[in-house]
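See structure below.
Chain naming here is simple, since letters A, B, ... match the order of the sequence lines and numbering starts at 1 in each.
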2 protein chains.
Amino acid sequence: MTGKKPTLAVVGATGAVGTVMLDLLSTREDVWGEIRLIASPRSAGRKLACRGEQLEVVALSEEAFEGIDVAMFDVPDEVSAQWAPIAAAKGAVAVDNSGAFRMDPQVPLVVPEVNASAARNRPKGIIANPNCTTLSMIVVLGALHQRYGLASVVAASYQAASGAGQPGIDTLRAQMEKVSGTNLGTHPGDLRGVVGDLGPFPAPLALNVVPWAGSLKEDGWSSEELKIRNESRKILGLPNLRVSATCVRVPVVTTHSVSVHASFEDEVTVAGAHEILRAAPGVVVLDDPAAGEFPTPADVVGTDPTWVGRIRRTLDDPKSLELFVCGDNLRKGAALNTAQIAEVVAAELSGKS
Amino acid sequence: MTGKKPTLAVVGATGAVGTVMLDLLSTREDVWGEIRLIASPRSAGRKLACRGEQLEVVALSEEAFEGIDVAMFDVPDEVSAQWAPIAAAKGAVAVDNSGAFRMDPQVPLVVPEVNASAARNRPKGIIANPNCTTLSMIVVLGALHQRYGLASVVAASYQAASGAGQPGIDTLRAQMEKVSGTNLGTHPGDLRGVVGDLGPFPAPLALNVVPWAGSLKEDGWSSEELKIRNESRKILGLPNLRVSATCVRVPVVTTHSVSVHASFEDEVTVAGAHEILRAAPGVVVLDDPAAGEFPTPADVVGTDPTWVGRIRRTLDDPKSLELFVCGDNLRKGAALNTAQIAEVVAAELSGKS
């Protein structure tokens with residue numbers, strides 16, 4: 001098909017990630033022929049703006065994938081589990097942002113800055129996009145690993161409400177309204193009585209932090225914590241990498257942050273880490289505390305790169321670094337990385353890679 | 001002076017910590033004779049409730065310490081540095097909650113549950129109270145250390161606005177008002193334009209997290225991060241303990257949380273850690289994620305203990321534990337621990353210990 005632009009389907013076009021995806025498709029280099037928007041039957045017929053056109057959403061069905069070369073999925077796990085193989089059977093390459101296929105040994109898990117070449121080996125016709133929290137730090141860790149050899153990671157996350165989708169955003173906004181102007185924060189129980197609906201979170205999120213994300217897995221770990229571990233190992237090709245994560249939700253709308261303690265095979269220096277990260281694609285170093293410069297979600301939201309600051313060498317260990325990373329969980333953490341993977345496939349299909 | 005109740009001065013009675021102190025003194029076992037409230041001259045003459053009485057605040061002066069046995073200081077470092085030695089010279093035992101004396105080798109740094117006996121050796125007549133973030137985790141670490149032998153700590157904090165005193169609380173509340181009802185959190189720069197005054201923080205705190213607390217020290221570390229390291233070593237009597245902390249401010253009014261990765265000399269088990277921590281004074285274990293039970297600031301604020309949950313054994317290391325701890329930074333993190341130290345001294349002065 002060299003010479004003809006590949007066709008793209010966006011499945012889940014009306015969700016929180018899908019909305020960002022349409023924005024990205026309208027602003028990134030246009031490598032696509034037809035773009036078809038697909039969503040649940042109740043959204044069919046809606047018109048959404050993409051590349052300056054109004055596109056009508058079509059209902060998810062086998063026929064919807066006719067003539068599609070690449071199908072991006074931003075839908076719940078069970079929807080992807082059912083429909084990504086159908087899209088693949090119809091001849092599309094499915095790029096899936098759910099958790100359904102990430103740990104499938106026959107499905108590559110791809111972050112283009114780290115392991116783009118893995119996208120070519122896709123026996124099921126499916127490529128998986130990592131979890132948003134993994135994506136918040138993996139580009140930084142991948143760059144440092146190439147030079148220093150990554151040995152272990154201890155991560156504590158500061159995850160935004162939109163990691164739980166539009167219901168997460170809506171819940172935080174509603175709770176912010178309810179606590180605003182109240183004198184909360186000095187007596188126990190106040191918040192639970194005031195915030196109302198907890199939405200997708202197990203505790204109040206406004207004026208609070210909640211050390212839980214995802215579902216309960218064995219030995220007290222959350223699914224989100226195990227995803228960071230297992231996905232980092234797979235993306236970096238380090239099946240025995242030591243990874244311990246604690247995932248905590250914070251009252252931020254969008255942009256995940258992670259405090260990272262990373263240990264390496266070789267000795268590290270802060271100057272060396274700065275040099276590596278300044279040269280790394282998709283990374284911005286913002287690390288001058290004397291000038292008040294370090295990344296925060298408010299500064300990072302809406303941007304594409306992974307931002308890193310607070311880079312320190314561990315005082316007791318010349319082989320370890322402390323880092324604070326921020327990434328927009330709806331962009332690099334979801335829509336952007338999916339779009340980047342799809343573009344890698346588009347280049348391959350167009351014979352340009 | 002056996003038989004006579006010792007007299008107490010509360011220096012800084014009108015501040016955020018002082019206010020909690022008066023509440024504590026009104027509800028804890030009453031070991032004190034006269035209680036004298038001391039503050040800056042501009043607060044002199046104000047009346048504050050304590051033990052059911054209205055007490056008139058007197059201005060800080062040398063004479064204000066006449067007849068005082070124990071003087072608690074909740075004032076800025078420079079005020080403590082000047083006045084705690086004066087109180088001591090007048091014969092009082094100064095219990096200081098500033099950073100002025102914590103690392104002075106002639107001043108004990110005391111957490112009664114961990115090292116109460118250190119309070120007796122006070123050549124300068126001064127006892128220091130640890131930093132609030134250290135206090136959020138040290139009772140838990142102290143209890144585990146006794147059984148397993150602590151080797152290293154990696155900590156990431158989620159610190160409340162009130163750790164920056166009343167200006168911190170006021171700033172967060174004002175920012176919450178301004179962002180409430182806005183559609184923030186999707187584009188960069190929005191928050192900085194809307195929140196207005198940053199108060200004591202270097203970036204917006206509402207709907208954000210800020211990886212900075214304190215002042216800049218060598219090699220990119222913040223003063224708060226080095227306090228956690230140095231104070232933990234001193235309190236636990238482990239001068240070579242490996243400690244790496246990253247301190248992050250979150251939009252919570254009161255209660256600090258810390259995600260802790262702790263490594264020990266011996267192998268650990270989750271059941272063993274539960275047993276140790278359930279028996280530890282001043283600790284509450286809240287650790288049943290299947291039932292949605294883990295500590296959050298909203299549940300902990302206004303209470304005395306250190307709360308701990310999310311206890312997991314590190315998957316790659318049978319000698320390490322992951323923990324999430326929460327402590328009210330104005331109570332155990334400040335006023336309560338100061339009151340507890342003062343009570344240890346009171347018992348000693350009364351010949352009861």
Against chain B, label [X] side chain, backbone, both or neither, depending on which of its atoms sit under 4.5 Å from a heavy atom there.
X      : value
A:V209 : both
A:L315 : both
A:S157 : backbone
A:L172 : side chain
A:A160 : neither
A:R229 : side chain

Nearest non-hydrogen partners of [X] and [Y], listed with the distance:
X      : Y      : value
B:V243 : A:D316 : N-OD2, 3.1 Å
A:V210 : B:T296 : CA-CG2, 4.4 Å
A:A245 : B:R312 : O-NH1, 3.1 Å

Judged by modelled atom types alone, do B:R310 and A:S222 share a side-chain donor-acceptor pair under 3.5 Å?
->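 No - no donor-acceptor pair under 3.5 Å links their side chains.
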Donor on one side chain, acceptor on other, B:T314 and A:R242, under 3.5 Å |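 Not at all, the side chains of B:T314 and A:R242 share no donor-acceptor pair under 3.5 Å.
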Roughly how far, to the nearest 0.5 Å, is [atom2] of [Y] from [atom1] of [X]?
X      : Y      : atom1 : atom2 : value
B:H261 : A:H261 : NE2   : NE2   : 6.5 Å
B:D288 : A:L216 : CG    : CG    : 8.5 Å
A:S180 : B:Q175 : OG    : CD    : 12.0 Å
B:I311 : A:D219 : CD1   : CG    : 13.0 Å
A:S257 : B:N208 : OG    : CG    : 7.5 Å

In terms of heavy-atom contacts, does CD of B:E275 have more than 12 from other residues, nucleotides or ligands at under 6.0 Å?
->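 For B:E275, atom CD is not crowded (no more than 12 foreign heavy atoms under 6.0 Å).
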If we only count heavy atoms from C-beta on, is the B:E322 to A:E225 side-chain gap below 4.5 Å?
->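 No, every pair of side-chain atoms sits at 4.5 Å or beyond.
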Non-hydrogen side-chain atoms of A:Y158 and B:P211 separated by less than 4.5 Å |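 In short, these two side chains do not touch, never coming nearer than 4.5 Å.
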With only heavy atoms counted, which part of B:T246 is less than 4.5 Å from chain A, the side chain, the backbone, both or neither?
->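 For B:T246, the contact with chain A is made by backbone and side chain together.
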So what's closer than 4.5 Å to chain A heavy atoms on B:A203: side chain, backbone, both or neither?
->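 Contact with chain A is through the side chain of B:A203 alone.
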